[in-house]
Amino acid sequence: MKDAPAFDFYPERWLAGVAAMSKTDQAVYITLLCHSWLRDGLPGEEPPLKRLAGTKVSPEVLAKFPLGGDGLRRNARLEQFRTEQRARIANSKSKSTKMHAARYGNKKPPSVAPSSAPSSAPSSAPSSAPSSAPSSPQAVLEGCPPPTTHPNQQQQQQQLTGARGRCDLEEARAYAVSYSKGNSAGIAIPMHVVSQWHDAREAVGWVTVKGGLDLPIADWKADLRIFATHYQKNELSRPNGAAAAKRAEREPPAAITAKDLPRL
């Protein structure tokens with residue numbers, strides 16, 4: 001694995017570790033740390049170390065780079081930073097790979113095999129075969145066939161446009177009226193809540209964010225019920241929430257009232 005071009009540097013730890021060193025030893029120490037990071041270790045012999053440092057390496061600085069079993073000198077603290085940084089990079093790549101696989105699938109786009117025999121001269125006779133020119137601008141630029149939609153993408157698009165994953169406002173209002181009258185939980189879905197929910201889902205393309213991924217809504221009815229439940233809890237937690245709840249009990253559930261009209 002190729003390491004990053006920089007390593008973690010903590011000024012407080014550095015100043016405490018070099019407090020007893022001379023200014024020359026401090027300069028040699030930081031120079032050798034940089035070479036060790038880029039080279040993944042320092043040579044064990046002193047002449048190459050002197051060439052890297054630009055001057056003779058004192059025993060105090062040399063003690064900071066003990067000789068390892070592979071014949072190279074390394075600083076223990078620097079190697080700890082290297083190990084931690086490699087773990088962070090590997091974890092980040094793993095997350096990126098999982099997100100890419102969840103969104104686009106694991107299949108790679110089809111590759112075009114190179115022609116075995118290049119054409120020697122353009123033909124002046126008209127071709128009788130139908131034109132096979134690519135239909136997308138990207139394919140025209142790259143000389144490749146247009147990319148195909150992965151089955152996972154097709155399934156997501158069907159969920160976005162299907163009856164379960166998306167609805168119009170009137171359909172949502174009709175369901176809210178039916179649900180408010182018949183549910184045993186006593187949860188009413190006012191019309192302005194339906195409008196807020198529908199506008200929120202339209203604004204983001206009928207997806208929800210989970211774990212950093214944009215996932216299509218599988219069941220809009222369930223999503224509306226969850227939205228209304230959270231709305232009711234938030235309303236009851238407000239100072240005037242109890243009064244609003246009593247007022248809602250006296251009014252027909254899920255009915256359009258004058259106070260709802262400005263918010264539609």
Side-chain angles (χ1 to χ4, degrees), residues 1-116 138-139 141-144 147-153 156 204 207-215:
M1 177 186 294
K2 185 178 180 181
D3 294 312
F7 58 86
D8 299 333
F9 183 83
Y10 299 89
E12 185 177 0
R13 293 182 181 179
W14 167 260
L15 294 176
V18 302
M21 290 184 179
S22 65
K23 296 298 182 183
T24 301
D25 284 349
Q26 292 181 22
V28 172
Y29 187 17
I30 190 63
T31 301
L32 292 181
L33 283 175
C34 295
H35 281 296
S36 180
W37 179 264
L38 297 176
R39 295 166 174 261
D40 196 10
L42 297 174
E45 298 79 10
E46 292 191 23
L49 283 177
K50 182 178 180 180
R51 288 195 296 270
L52 291 177
T55 185
K56 183 178 180 180
V57 182
S58 67
E60 290 79 10
V61 176
L62 197 62
K64 298 289 187 179
F65 299 90
L67 189 62
D70 57 353
L72 297 177
R73 296 181 179 273
R74 292 184 175 87
N75 179 269
R77 177 73 70 177
L78 186 66
E79 295 309 311
Q80 179 183 351
F81 292 157
R82 191 193 304 274
T83 301
E84 294 174 354
Q85 188 180 89
R86 285 178 176 178
R88 291 197 302 267
I89 293 175
N91 186 40
S92 178
K93 288 184 177 180
S94 176
K95 288 183 178 179
S96 178
T97 301
K98 291 179 181 179
M99 292 175 61
H100 187 278
R103 179 171 296 186
Y104 303 109
N106 296 322
K107 289 187 177 181
K108 296 181 179 180
S111 57
V112 179
S115 176
S116 57
Q138 185 69 17
L141 292 176
E142 299 181 0
C144 299
T148 58
T149 304
H150 191 268
N152 289 350
Q153 292 177 322
Q156 291 179 359
V204 298
V207 297
T208 58
V209 180
K210 294 182 180 179
L213 299 176
D214 293 340
L215 302 179

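- Residues passing the side chain to side chain donor-acceptor pair (under 3.5 Å) test with N91, sequence neighbours excluded: none.
- How far CZ of F81 is from CZ of F7: 8.5 Å, rounded to the nearest 0.5 Å.
- How far CG of L52 is from CZ of R39: 4.5 Å, rounded to the nearest 0.5 Å.
- Atoms CD and CG, from E12 and L15 in turn, are 8.5 Å apart once rounded to the nearest 0.5 Å.
- Shown here are the side chain to side chain donor-acceptor pair (under 3.5 Å) partners of Q26, two or more places apart in sequence or in another chain: there are none.
- Heavy atoms only, all atoms of each residue included: I30 and A27 are closest at CG2-O, 3.2 Å.
- Judged as a salt bridge (Lys or Arg N to Asp or Glu O under 4.0 Å), the pairs with a partner in residues 62-75 (not counting sequence neighbours) are, in order, D40-R74, D70-R74.
- Legend: residues meeting side chain to side chain donor-acceptor pair (under 3.5 Å) with R82, ordered by chain and number and at least two apart, are D3, E79.
- Residues passing the ring-ring contact (aromatic ring centres under 6.0 Å, His included) test with Y29, sequence neighbours excluded: W14, F65.
- Taking both residues in full, the closest heavy atoms of V28 and V61 are given as CG1-CG1, 4.1 Å, listed atom of the first, atom of the second, then distance.
- Within the 3.5 Å criterion, the main-chain N or O of S92 finds no donor-acceptor partner in the side chain of S96.
- The CG atom of L78 sits 9.5 Å away from atom CG of D8, with the distance rounded to the nearest 0.5 Å.
- Between the CD atom in Q85 and the CH2 atom in W37 there is a gap of 4.0 Å [rounded to 0.5 Å].
- Of all the heavy atoms in D25 and M21, the pair that sits closest is CB-CB, 4.0 Å.
- Judged as a salt bridge (Lys or Arg N to Asp or Glu O under 4.0 Å), not a single pair has a partner in residues 41-51 (not counting sequence neighbours).
- Among R88, R86, Q80, the one residue that satisfies the side chain to side chain donor-acceptor pair (under 3.5 Å) test with E84 is Q80.
- Counting only distance, with no hydrogens or angles, the side chain of S36 and the backbone of L32 share no donor-acceptor pair below 3.5 Å.
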